[in-house]
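Accompanying notes for the structure given below.
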Amino acid sequence: MSSFDEMDAFEGASLSARAMAALPKDHLKWLNEPQLEAATKFDGPLLVLAGAGTGKTRTLISRIAEILHTGRARSDQILAVTFTNRAAKEMKERVQTYPVNVSRGLQWMGTFHAICVKLLRRHSELAGLKPNFTILDTDDQLRLLKQLLHLSNIDEKRWPPRMLAGHIDDWKNRALTPDKVPAAETSTFNNKGIELYAQYQIRLRELNAVDFGDLLLHMVTIFQTHQDVLEQYQRWFRYILVDEYQDTNVAQYLWLRLLAGAHKNICCVGDDDQSIYGWRGAEVGNILRFEKDFPGAYVVRLEQNYRSTPHILAAASNVIRGNENRLGKELWTDAQEGEKVRLIGHWDGEEEARWIGEEIDAMQGGTRGARPFNLDEIAILVRASHQMRAFEDRFLTIGLPYKVIGGPRFYERMEIRDAMAYFRLVVSPGDDLAFERIVNTPKRGLGDKAQQTIQMTAREHGVSLVDGARIVVDNGLIKGKGGKALRELIDGLARWNAMTRGPRIEVDDDSVIDDGTAPMRFGEPEVSHIELAQIVLDESGYTAHWQNEKTPEAPGRLENLKELVNQLDNFENLQGFLEHVSLVMDNEQEGDGAKVSIMTLHAAKGLEFPAVFLPGWEDGLFPSQRSMDESGLKGLEEERRLAYVGITRAEEVCTISFAANRRVFGQWQNSMPSRFIDELPEDHVEVLTPPGLYGGGQPAAGIENRAAEANVYNSPGWKRMQARQGQYGMSQPRESRNTVIDATAVASFTLGERVFHQKFGYGAVVGIEGDKVEVDFEKAGTKKVVSRFLSAKDDIPF
Ligand code: ATP
Ligand code: MG
């Protein structure tokens with residue numbers, strides 16, 4: 001439907017009374033008393049303020065069904081705001097299972113942004129835009145700001161564009177157009193912030209473009225300045241419903257208030273204890289102020305939790321009690337007692353991933369827990385997305401199906417693929433696909449035309465793209481900035497490639513005839529492959545590319561890159577690492593079978609799982625150091641709410657873990673268990689010591705040495721861990737744990753031979769193909785592996 005007139009033509013057309021009476025009313029059947037009240041109390045503002053798992057979302061869905069059932073509005077006259085597109089999809093599906101009329105579609109059910117794009121396309125001219133406006137990505141946004149800084153002769157080193165972008169974002173979240181920014185903020189960005197913001201908005205209009213924040217800002221402005229437009233929508237959206245209201249920002253709040261201003265049929269559900277988007281401008285104050293803003297608002301509180309066992313609920317409640325700024329609510333459940341929350345400490349992150357993998361295996365097989373669990377009943381919720389890598393690697397290795405929710409899998413992430421493309425080129429300069437991927441990433445001014453020149457030159461000379469590019473540069477075929485940048489890139493690639501080897505060793509051996517076919521010999525490289533990887537990322541400008549980016553995702557991408565570099569420590573050289581990745585990716589199962597979910601705590605909001613793992617509860621990681629540094633106590637309280645969100649996702653089993661060490665840039669760093677662990681109530685927690693590991697006592701001798709080397713024993717984290725031993729379980733690494741793969745040990749195998757693989761365990765050789773060996777592993781099934789990753793049975797390091 002493209003215009004309002006069309007929409008108005010359908011006003012009043014609803015189901016006949018008879019048709020309605022024929023529908024069974026079972027959309028209300030499963031509600032408890034206060035839920036029923038919230039689902040059926042119409043006319044006027046309503047707030048459902050309640051803790052996790054009390055059925056807020058369920059009540060909201062039932063309310064929509066009731067509106068449709070009673071013919072109060074048609075499905076396209078209901079405005080329902082959800083937090084993610086995924087939540088919107090789920091809600092639509094659930095409403096459709098009720099026998100109510102949704103024939104006109106729940107078109108206005110979605111996120112604030114999705115709904116505002118739709119509205120703004122209709123009214124773009126009121127914002128000085130054409131209907132086909134483009135939505136800028138952050139790259140474009142930064143480029144635009146850079147241009148503006150340049151025009152104003154502002155030194156972008158001292159005043160970086162991403163800092164300005166941050167201020168602009170903040171103003172937009174607060175619904176402030178440039179003319180409305182308070183005088184007190186005049187000094188922002190060296191007194192030029194507001195002026196630059198104004199110029200930026202003008203430039204966007206000239207480009208017929210908007211940024212993300214504009215979607216709401218423009219709609220709020222249009223509603224504020226065009227009463228007629230606002231009134232149309234106030235009439236049209238007869239009922240407004242908002243889930244996760246605690247995470248709305250000021251602009252979203254104003255937009256809702258404007259739309260609900262006439263009939264005030266607005267129902268918001270939320271939980272102040274689950275406000276976790278303060279860092280994006282969410283104002284938990286919105287929910288606390290609801291009754292003031294909507295006088296006469298009816299407030300329903302739900303206290304019965306239907307999701308979790310009493311132990312899980314008690315643990316969550318105790319943690320959140322540590323926050324000062326909250327309304328405070330008590331939750332109860334009549335669910336069966338179930339298992340206590342489980343807590344376990346590990347030596348390091350890899351050990352944590354290994355243990356969780358084994359646990360999941362056992363749970364699936366029914367040997368752990370009260371019943372067998374299906375993989376899709378299990379979730380791993382992490383604080384930072386770089387934590388996912390260890391789990392993904394482990395699960396790929398043992399063949400445990402998993403999916404990453406709310407983002408791609410680790411090795412599929414954009415920044416990881418980019419970095420890997422650089423590494424591939426460093427190792428094999430003839431890798432044209434890798435070259436194509438990175439030639440203009442980061443942007444080097446080498447657009448389509450320049451790339452065609454390289455392609456054609458390479459084809460003409462029958463050489464690789466890198467060699468083609470060298471010819472292009474030598475003959476000055478690409479002029480200007482692009483040509484210069486291309487020279488830098490190929491010089492860099494040659495330099496990095498040389499760094500993979502040591503100096504050439506002259507072979508003083510008469511038996512070798514130097515006819516050009518004798519293999520060259522090289523000494524040890526002067527820099528480690530880990531350092532080299534970092535050099536490549538830095539010198540190519542790739543690290544800086546993300547450092548200059550101000551999007552909320554950019555810090556996460558930088559962390560992922562760090563994690564990638566960390567991971568190299570497990571391998572002898574870059575080549576071995578690249579082979580590992582291509583092999584694990586190759587072993588990946590496809591299909592729609594059940595999978596373990598891995599996601600961030602933020603992405604898990606509103607969801608629930610029978611079994612939840614919460615790894616990485618270490619100070620600095622969770623609560624996140626960044627969040628505490630940037631926002632102090634406020635930041636810490638938001639982290640604690642995140643812990644509450646995490647624990648309350650669990651229905652039956654909740655397992656919290658931490659590691660004493662994590663590797664950062666190949667260096668051991670020790671960490672203290674999260675302060676949130678101290679806040680778990682003893683009576684509801686069981687401390688685990690993993691069986692078969694060196695739990696309880698001192699670490700094994702070899703380990704002790706390594707720990708001493710890393711000075712772990714002197715760290716407060718270790719001392720605290722020791723003090724707690726017996727209180728908290730603590731796993732130690734196996735003595736045989738030796739993750740450095742010896743790439744020089746080339747072995748020859750015969751068919752049928754029993755072999756051992758570091759990651760896949762025992763198996764029998766079933767095929768040999770060059771340096772790849774196909775092995776039927778006892779646990780992991782048949783896989784192709786590189787022969788040097790295998791040991792013959794006799795060499796097994798046990
Ligand atoms: P969150 O704060 O995490 O978003 P919520 O308050 O929205 O939680 P829901 O997701 O709606 O809670 O409900 C939690 C679980 O409890 C769901 O599995 C839901 O089906 C179930 N549930 C809710 N109300 C009832 C009820 N009256 N009887 C039985 N089960 C219920
Ligand atoms: Mg919910």
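All of these numbers come straight from a predicted model, not from anything done at the bench. Atoms within a ligand are numbered from 1 in the order they appear, just like the ligands themselves. Note that these values count all heavy atoms, side chains included, but never hydrogens, waters or copies made by symmetry. Start at 1 with the first residue, then count along the sequence.
Atom 10 (O) of ligand 1 has Arg307 NH2, 3.1 Å as its closest protein atom, hydrogens excluded (heavy atom only). Atom 18 (O) of ligand 1 has Glu608 OE2, 2.4 Å as its closest protein atom, hydrogens excluded (heavy atom only). Looking only at protein heavy atoms, the nearest one to atom 11 (O) of ligand 1 is Arg58 N, 2.8 Å. Taking atom 12 (O) of ligand 1 as the reference point, the nearest protein heavy-atom neighbour is Gly55 N, 3.0 Å. The shortest contact between atom 21 (C) of ligand 1 and any protein heavy atom is with Tyr306 CB, 3.7 Å.
Taking the centre of each ring, Tyr239 and Phe42 come in below the 6.0 Å mark. Taking the six-membered ring wherever Trp is involved, the centroid distance between the rings of Tyr277 and Phe83 falls below 6.0 Å. Ring pair His602/Trp279: centre-to-centre distance below 6.0 Å. Ring to ring, Phe676 and Phe622 are close: their centroids are under 6.0 angstrom apart. Aromatic pair Phe212/His113: centroids less than 6.0 angstrom apart.
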Verdict with supporting geometry, Phe223 and Leu254, side chain to side chain contact (heavy atoms under 4.5 Å, CB included):
CA-CA 10 Å; Phe223 286 161; Leu254 283 177; over 6 Å; no

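Atoms of ligand 1 lying under 4.0 Å from at least one heavy atom of Gly606, given by number and element, are 4 (O). Of all atoms in ligand 1, listed by their number and element, those nearer than 4.0 Å to a heavy atom of Trp30 are 26 (C), 27 (N), 28 (N). Close approach of ligand 1 to Asn32 is summarised as follows: ligand atoms under 4.0 Å from at least one heavy atom of the residue are 27 (N). Counting the atoms of ligand 1 from 1 in the order shown, those under 4.0 Å from a heavy atom of Arg649 are 3 (O).
Looking at Gln35 against ligand 1, only its side chain comes within 4.0 Å, counting heavy atoms.
Residue-to-ligand polar distances place Lys56 within reach of ligand 1: an N/O pair is separated by less than 3.5 Å. Between Leu31 and ligand 1, no pair of N/O atoms sits closer than 3.5 Å. Looking at Asp271 next to ligand 1, no N or O pair under 3.5 Å apart turns up.
Evaluated for a side-chain contact (heavy atoms from CB on, under 4.5 Å) with Asp247, the options Lys605, Gln274, Gln252, Glu283 yield exactly one hit, Lys605. Partner of Val269 under the side-chain contact (heavy atoms from CB on, under 4.5 Å) criterion, chosen from Val242, Leu241, Val48, Leu302: Val48.
Considering only heavy atoms from C-beta on, Val100 comes within 4.5 Å of His69 through its side chain.
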